[in-house]
There are 2 protein chains.
Amino acid sequence: MNKSIVIKKGFAEDVRFQLKDGSGSDAIHTVPTYAYGVCHLHTDSMLQGVGLAFTLGEGNNLVKDAITYLVKHVEGREINELMADFGTTYKQMVDDPNFRWLGPHKGVVHLALAAVVNACYDLWAKSRAVPLWQLLIELSPEELVNTLDFSYYEDILSREQAIELLRSKSAGREMRKKILDLGYPGYDTSVGWFNYSDEKVADNIRHAMDMGFTAMKLKVGSKDPARDIRRAEMVRNIAGDKATIMFDANQQWNLPQAISICKSLLPLNPYWIEEPTHPDDVYAHVALAEAVPVKLALGEHVPNKILFKNFLQSGCMSFNQVDAVRVGGVSEFILISLLSKKFNIPVVPHVGDMGQIHQHLVLFNHIAMDHPALLLEHIPHLKEAFVNPVEIVNGRYKTPHTPGMSADLK
Amino acid sequence: MNKSIVIKKGFAEDVRFQLKDGSGSDAIHTVPTYAYGVCHLHTDSMLQGVGLAFTLGEGNNLVKDAITYLVKHVEGREINELMADFGTTYKQMVDDPNFRWLGPHKGVVHLALAAVVNACYDLWAKSRAVPLWQLLIELSPEELVNTLDFSYYEDILSREQAIELLRSKSAGREMRKKILDLGYPGYDTSVGWFNYSDEKVADNIRHAMDMGFTAMKLKVGSKDPARDIRRAEMVRNIAGDKATIMFDANQQWNLPQAISICKSLLPLNPYWIEEPTHPDDVYAHVALAEAVPVKLALGEHVPNKILFKNFLQSGCMSFNQVDAVRVGGVSEFILISLLSKKFNIPVVPHVGDMGQIHQHLVLFNHIAMDHPALLLEHIPHLKEAFVNPVEIVNGRYKTPHTPGMSADLK
């Protein structure tokens, strides 16, 4: 019997962190702030649920205000009873009748939903005194899918098909749990921020390799394609032929530009090219993937399960970068991961949460769904903000054992 | 020489109107409020620009706060100088670096953009003492496209192609100006709100026909498909075979449901079926259009030009319902109308503005782009809120002659 814990009251918070020296900069976000819209769930016990949505600072107050509005859906609810049928509450929140107009299922209201949903999963894991990854892998397939909302997925992934998919992956589970001891492989995003000088990028590559990383990413998408290509060549030269390197354009190219520059980057053997053009433009990504034999990583700004569905159906997505602090939290992340598994597209999340939550989710995806344990992005800039920051050892995430989803902020 | 008018300061307002007796209700919005996030531009003259974004009340304060943030981009600008190159300012607003994260180009931040953009066009028209439709048709093709942002349209509609398209339509302009005297045909949305009883719908159909309307719409999307079909048959029986009738599901069906119910509605010869499923789901609409020979009307909730581009490319859209108080205002509305003309898909706007602004835009679309003058939705519920409410005579919108875009609220 699980302990009864009742959510008494939800609170929203607007927390912002200034970054320094060009950290976090990309082709569009030249002076970034990292920020969280935070949902706190106070209970009748000592436990608190904490859920995050990530923004770049400006307008984070809008997300906070939207959390304040949405959180009423879970106030007064006992956590085990709530999570036993969370898909229903999720649908009530995501389709809150008049609020829904502000999306639907995208932008500020969906970011706020992520924070509320994540706080519920966090509290649920804490109530059982286990880390989120453990909670999730110990749920039965039925218990897990009860936390999901299959609306608009009926044509492609029904509740029954999701249960069947999870059951079919039960065979190798014990073997896949080895990842818990090994640690999940990371890759270093912070070597090549857009505003870093060539010298700083070069130093960072060497430092990342010293730390055990074999995969790293460069921000491209400059107004001057020659700069992109020069820096990309530098990364390949310093990191060597065996290193895994990715290029991230942060949506800065239109389709003709993307085709042209991707052709130039192809000889450098990128593992993927990320966000080449507008994140809503399924047809442009299809045209790019047909024009250039390059693998596309997409999802950082894809707003919801519907557009993920279309991207997966289209065949242009090689890596699925769904982020649980952009889509509607852990619930929608899991649903999208299930669909991605059906299409055999690996999930390699963008980590607006700095990997705090996603370190749990990729362990779950690997163990329960047999998603390959490829790489989890690592961004070190907010280490000091978290009570239990991620730990990287030899380029791998050390498996967390603290109860919850590691989202508590100091 | 146009008179110099400088925008001194922008203000945002949250204005809400309670609707009564089931008016405005649909399958998802059972107790609607109509609301506007309003942008006021105060100038160094007596003139004020007024721009609207439409919501259903809840969270309208978020749109208001986002307007307050975005409007700084136009403060201090002289209106003629601003509008001479408005595409550049539009891009600065739509890509405001960190604020952009909250979309991009969708949801609360994009609604707020609509209000700011619309206020600029309103002030521009007022500064020349002409109604918006007249301002727009008197601009040269180059002046017009200078107000647009072609980002991510380069693969499908360049600035040069847009100018060429407008030039190519100059031949029949004078003849098409007859619409100004005739009035633009309207259709009555308010006959069949979801919560209206069968008797009230029946009375409303007769009343609408007495008023001269030959086209009318019924809200469907009930949990009970039999109710939808029964009421749809009633509308056809009362309105007669010659009436134009449309069914609006407000996104309530998943794909299998949509296919099944659309097949049942087909014998009633609907002019269109509107929003059958999720507004982001291009592939589901394609599958529906392939499965059932029914014309789909889409766009009320389509968030931006990118998804409109994909819907037009997909071939599933028969009527384009872009709404200038949902996408980024008049500027994005015109760009989408140009692309829609390229694909020969008529623009039949959803009127979150109650037709106040769109009565100008459809006149412009018809005269300048040769879009057919089909139908403009009419929703009468806020007539008393506007200084210059739309006038319907014999089922047609009477051409407005007051300077601006008729968006001033009492």
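In what follows, chains carry the letters A, B, and so on, assigned in the order in which the sequence lines appear, proteins first and then strands, with residues in each chain numbered from 1. The structure presented is a predicted model; accordingly, all values stated were derived computationally and were not measured.
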Under a 4.5 Å cutoff for heavy-atom pairs, which residue among A:G107, A:A53, A:P97 has the most contacts with chain B? A:P97
The interface call for B:F54 against chain A, heavy-atom contacts under 4.5 Å, is both
So, the side chain of B:N98 versus the backbone of A:G57: is there a donor-acceptor pair under 3.5 Å, distance only? no
Euclidean distance, B:E154 CD relative to A:Q257 CD, rounded to 0.5 Å: 6.5 Å
So, the part of B:I306 with a heavy atom under 4.5 Å from chain A: the answer is side chain
To check you understand the geometry: which heavy-atom pair defines the closest contact between A:G103 and B:R326, and what is its length? O-NH1, 3.1 Å
Audit row: B:L62, A:L102, side-chain contact (heavy atoms from CB on, under 4.5 Å) steps and yes/no: CA-CA 9 Å; B:L62 303 175; A:L102 304 177; 4.1 Å; yes
Run the salt-bridge test on A:K309 and B:D280 with the 4.0 Å N-O cut-off and return the result as yes or no. no
Is a donor from one side chain sitting under 3.5 angstrom from an acceptor on the other, for B:D155 and A:N254? no
Most contact-rich option vs chain A, by heavy-atom pairs under 4.5 angstrom, among B:L255, B:L56, B:T33, is B:L56
Any idea which of A:H110, A:H105, A:K106 has the most non-hydrogen atom pairs under 4.5 angstrom with chain B? A:K106
Give, as side chain, backbone, both or neither, the part of A:Q251 having an atom under 4.5 angstrom from any heavy atom of chain B. both
Indicate the atoms forming the closest heavy-atom contact of B:W101 with A:T55, along with that distance. CD1-CA, 3.6 Å
Counting only heavy atoms closer than 4.5 Å, note whether B:L111 contacts chain A via side chain, backbone, both or neither. side chain
Quick one: which of B:F99, B:Y69, B:Y152 has the most heavy-atom pairs under 4.5 Å with chain A, could you say? B:Y152
I need the B:H278 NE2 to A:N310 CG distance, nearest 0.5 Å. 10.5 Å
To the nearest 0.5 Å, what is the distance between CG on B:D281 and CG on A:L307? 8.0 Å
Where on B:S151 is there a heavy atom nearer than 4.5 Å to chain A: the side chain, the backbone, both, or neither? neither
Scored by heavy-atom pairs under 4.5 Å with chain B, the best of A:A287, A:P104, A:A66 is A:P104
